[in-house]
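Along the sequence shown, residues carry numbers from 1.
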Amino acid sequence: MNAGEWQKQELSDAFLGAVYAYMDYEKTTHLLKTKDGKQIYYAEIHIVSAIHDHEGIHVSGLADLLGVTIGAVSQILMKLEKKGLIKKERDARNQSRFLLKLTPDGEITHLNHLKFHEEFDELFCSALDEGSVEQVRFLKQFFSRIEHKLQEVTKK
């Protein structure tokens, strides 16, 4: 392994270290837990936010909005209902359809999710304070390329 390959391997290890540290941070923060301490997962919190932003949306509308199947949304909605974060109300105009709303605990969860992003953004930005504009621009492009490559691999 030449020096350039060795440095790239070190960078890969550092990036994975940061990803794992982020995953631990996400698991341990109180901001992504219910009031009784149950973990709220990535897909769940984003459905909570989508319902907040589109209160009264129905299940198939939510699935369309998120680009996933009705079955996938339904499974997550059952978990969110058990956690007391959402409620389903029968649509008065179409009795076979349910409209989705957040419970008061769901509203708190949504606000905590926003606070989580605020705190993480602060932490992330403080780590970039010593970087030059060019370095930050490079990192942005690098993260975009990594995201794109990972999406390509997962779509196969």
Find out whether [X] and [Y] are in side-chain contact, i.e. whether some heavy atom of one side chain is under 4.5 Å from a heavy atom of the other.
| X | Y | result |
| --- | --- | --- |
| I40 | V48 | no |
| R90 | F98 | yes |
| Y20 | M23 | yes |

Is there a path of hydrophobic side-chain contacts, each under 4.5 Å between heavy atoms of I, L, V, M, F, W or Y residues, that connects [X] with [Y]?
| X | Y | result |
| --- | --- | --- |
| L80 | M78 | no |
| L99 | V59 | no |
| I51 | V68 | yes |
| L139 | L16 | yes |
| Y41 | L102 | no |

Nearest 0.5 Å please: distance from the [atom1] atom of [X] over to the [atom2] atom of [Y].
| X | Y | atom1 | atom2 | result |
| --- | --- | --- | --- | --- |
| L32 | H113 | CG | NE2 | 6.5 Å |
| I70 | L77 | CD1 | CG | 11.0 Å |
| L85 | K79 | CG | NZ | 13.0 Å |
| K115 | I108 | NZ | CD1 | 13.5 Å |
| I45 | N112 | CD1 | CG | 8.0 Å |
| T28 | Q39 | OG1 | CD | 8.5 Å |

Is it true that a side-chain atom of [X] and a backbone atom of [Y] form a donor plus acceptor pair closer than 3.5 Å?
| X | Y | answer |
| --- | --- | --- |
| T29 | E26 | no |
| K33 | K27 | yes |
| S144 | K140 | yes |

Next on the checklist: For F124 and F143, take the angle between the two ring planes, folded into 0 to 90°, and tell me which bin it lands in: parallel under 30, tilted 30 to 60, perpendicular over 60.
Outcome noted: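 Answer is tilted, since the angle falls between 30° and 60°.
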Checklist entry - Using the ring of each side chain (for Trp, its six-membered ring), is F116 parallel, tilted or perpendicular to F120, with breaks at 30° and 60°? => result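 The arrangement is parallel - the two ring planes meet at less than 30°.
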Checklist entry - What pairs of residues pass the ring-ring contact (aromatic ring centres under 6.0 Å, His included) test when at least one of them lies in residues 48-82, not counting sequence neighbours? => result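 Qualifying pairs: H52-H110.
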Minimum heavy-atom distance [X]-[Y], with the two atoms named:
| X | Y | value |
| --- | --- | --- |
| D91 | R93 | OD1-N, 2.9 Å |
| I76 | A43 | CD1-CB, 3.6 Å |
| Y42 | H46 | O-ND1, 2.8 Å |
| L62 | V73 | CD2-CG1, 3.7 Å |
| A50 | L66 | CB-CD2, 4.2 Å |

Item to check | Working for side-chain contact (heavy atoms from CB on, under 4.5 Å), residues F142 and R145 | outcome: CA-CA 5 Å; F142 172 75; R145 287 193 305 270; 4.1 Å; yes
Within 6.0 angstrom of [X] [atom1], more than 12 heavy atoms from elsewhere:
| X | atom1 | answer |
| --- | --- | --- |
| E130 | CD | no |
| E122 | CD | no |
| Y22 | OH | yes |

Item to check | Residues that, via side-chain heavy atoms closer than 4.5 angstrom, fall in one hydrophobic cluster with L114 | outcome: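 Members alongside L114: L111.
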Next on the checklist: Show me the pairs that pass salt bridge (charged side-chain N to carboxylate O under 4.0 Å, His left out) and involve residues 102-111, at least two apart or across chains.
Outcome noted: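 Every salt bridge (charged side-chain N to carboxylate O under 4.0 Å, His left out) pair that includes a residue of residues 102-111, provided the two are not neighbours, is K35-D105.
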